[in-house]
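One-based numbering, in listed order, for ligands and for the atoms of each. If you read the sequence from its start, that first residue is 1, and numbering goes on from there.
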Amino acid sequence: MSFVADFNSLPLAALARKSIATGSAAAREAVGKTRISLADFAGLISPAAGGLLETMGRRAHALTQQRFGKTIRLFAPLYLSNECVNNCAYCGFSRDNPILRVTLSIDEVRREAAELQSQGFRNLLLVAGEHPKFVSNNYLRDCIAALHAGWPSLSLEVGPMETEDYRPLVAAGADGLVVYQETYDRTVYATMHTAGPKRNFDWRLETPERAYAAGFRRLGIAPLYGLADWRYEALSVAAHAEYLLRHCWKAQLTISLPRLRPCAGEFEPLTNISDRELAQLICALRLMFPDVGIVLSTREEPRLRDGLIPLGVTMMSAGARTEPGGYTGAGREKIHHTERGIIKELASGASEWAPQSHRPTNATGQFNVGDERSPQEVAGLIRKLGYEPVWKDWDAALTM
Ligand code: SF4
């Protein structure tokens with residue numbers, strides 16, 4: 001039994017239609033409730049409830065302060081590798097994109113992490129494309145082991161694995177796993193993922209459960225907004241969160257709200273969620289899940305990020321680079337193209353997707369970030385809004 005069975009039986013498409021048709025009285029009723037069902041959530045994300053955003057915002061703000069205090073946890077992504085065997089139409093790292101690629105050595109990973117630590121971070125998200133040859137389980141384990149002593153919190157965003165393959169990563173010191181379903185719409189999923197193991201929708205959907213069984217104590221989920229109807233995606237991720245809270249209850253759950261950004265391959269979003277709708281969605285998620293962490297990345301522009309903080313966001317990235325070696329230039333000498341798993345030497349200036357010149361490395365990033373402020377600037381802004389930026393929120397030593 002897994003979420004797949006629940007997912008297949010839930011009337012998510014019907015709820016998305018019901019959401020659109022919600023009248024103002026029903027929207028007001030949903031906004032006033034203290035316990036939110038999935039049907040109520042459809043009301044909260046309805047166009048009618050969009051007119052009640054101020055009320056929703058006030059309630060979401062109060063709930064967030066009650067459960068999390070006036071704090072924002074900060075983290076940084078560290079890209080280990082941009083090699084990938086999958087073709088995901090919306091991603092710069094897609095196998096068929098002739099981008100500039102590299103996989104960092106363990107020493108280079110240490111250098112990147114040391115730079116992030118000097119900026120203040122103690123919470124790291126290790127990110128890699130899915131490539132069994134370059135990003136093997138042993139490689140990931142060695143990266144984690146190399147960083148574990150200096151990093152109180154290490155999470156992974158890498159290709160899904162079997163429970164047994166996750167266990168050595170947890171033993172080496174990883175405590176969190178982030179896996180975006182990308183889209184919960186099976187038809188759109190099939191058209192977006194045309195090659196590689198990621199084509200298996202159900203396998204991906206069950207990943208948080210396998211990670212939990214292996215001992216991860218933080219789980220992160222999300223759709224990528226811009227592929228399918230946002231209300232359907234929001235209902236699906238809410239249903240997924242509800243399931244995980246029931247079945248993986250010892251883990252801390254976070255929900256992210258990534259919107260598509262420009263990237264190599266120049267994929268255009270298929271659907272749109274406006275800034276205002278994004279704010280409404282954050283409020284709706286907070287009202288339904290008072291204790292779930294809500295993550296906002298540097299995909300969004302500074303003004304919007306600043307404005308969304310008081311509504312329910314609890315965790316933000318800052319100063320993020322989306323290419324391996326992006327913080328120090330590590331791995332620069334090894335940049336190459338990859339064709340069918342074989343490294344091809346680089347003719348100079350050989351990619352139209354080489355990064356902007358101010359970047360310290362030549363590898364191509366996964367997407368262009370929207371907020372290029374430094375971590376210190378972001379932390380300063382958080383303080384200015386009356387919140388405390390939290391760099392370190394966990395110490396394994398305290399649990400012994
Ligand atoms: S989204 Fe992930 S799996 Fe797909 S191409 Fe990008 S890195 Fe690879």
Side-chain angles (χ1 to χ4, degrees), residues 77-104 125-137 139-140 143 155-162 165 177-186 188-208 210-211 220-228 233 237 256-270 297-299 317 320-326 331 336-341 351 353 355 363-369:
L78 193 170
Y79 279 72
L80 307 172
S81 171
N82 59 355
E83 304 279 1
C84 197
V85 293
N86 293 305
N87 259 344
C88 306
Y90 48 82
C91 177
F93 293 171
S94 269
R95 185 185 75 183
D96 290 348
N97 283 345
I99 62 163
L100 303 174
R101 301 190 190 258
V102 72
T103 301
L104 301 183
L125 175 66
L126 301 178
V127 187
E130 185 169 354
H131 202 302
K133 181 171 160 188
F134 299 105
V135 188
S136 67
N137 292 11
Y139 167 77
L140 288 172
C143 288
S155 294
L156 302 178
E157 189 177 341
V158 298
M161 297 176 198
E162 295 286 359
D165 294 328
L177 189 102
V178 173
V179 57
Y180 295 166
Q181 186 61 25
E182 318 293 14
T183 173
Y184 288 86
D185 182 316
R186 284 182 186 275
V188 177
Y189 190 95
T191 56
M192 290 296 105
H193 303 103
T194 51
K198 195 166 172 179
R199 279 178 302 170
N200 190 334
F201 180 97
D202 288 356
W203 161 258
R204 193 168 186 86
L205 197 57
E206 289 170 338
T207 303
R210 292 195 305 275
I221 57 171
L224 179 57
Y225 293 95
L227 299 178
E233 302 285 27
V237 79
S256 307
L257 297 113
R259 291 195 291 187
L260 264 171
R261 293 286 305 162
C263 68
E266 289 156 13
F267 181 82
E268 289 292 327
L270 306 175
S297 79
T298 53
R299 285 172 180 265
S317 51
R321 297 285 181 258
T322 69
E323 71 274 29
H336 56 263
H337 289 308
T338 305
E339 285 172 28
R340 298 184 178 279
S351 175
W353 290 311
T364 312
Q366 191 177 27
F367 55 84
N368 300 340
V369 299

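Applying the 4.0 Å criterion to heavy atoms of S94 picks out, from ligand 1, the atoms 5 (S). If you number the atoms of ligand 1 from 1 as listed, the ones under 4.0 Å from a heavy atom of G129 come out as 7 (S).
The nearest heavy-atom contact from the protein to atom 6 (Fe) of ligand 1 is C91 SG, 2.3 Å. The nearest protein atom to atom 1 (S) of ligand 1, hydrogens excluded, is given as K198 NZ, 3.3 Å; this is a heavy-atom distance. Protein heavy atom in closest approach to atom 4 (Fe) of ligand 1: C88 SG, 2.2 Å.
Ring-centre distance between Y139 and H131: not below the 6.0 Å cut-off.
Side chain to side chain, T183 and E233 meet the donor-acceptor criterion of an N or O pair below 3.5 Å. Of the N and O atoms on the side chains of T207 and R204, not one donor lies less than 3.5 Å from an acceptor on the other residue.
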- Do K198 and E182 pass the salt bridge (Lys or Arg N to Asp or Glu O under 4.0 Å) test, and can you show the C-alpha distance, the side-chain angles, and the key distance before you say yes or no? CA-CA 10 Å; K198 195 166 172 179; E182 318 293 14; 2.7 Å; yes
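Relative to atom 3 (S) of ligand 1, the option among N87, D96, N86 with the closest non-hydrogen atom is N86.
A salt bridge links D202 with R186; the closest basic N to acidic carboxylate O contact falls under 4.0 Å.
Residue contacts to atom 6 (Fe) of ligand 1: C84 brings no N, O or S atom closer than 2.8 Å. Residue H193 does not count as close to atom 4 (Fe) of ligand 1, with no N, O or S atom under 2.8 Å.
A cation-pi geometry, defined here as NZ or CZ lying under 6.0 Å from the six-membered ring centre and within 45° of its normal, holds between R299 and F367.
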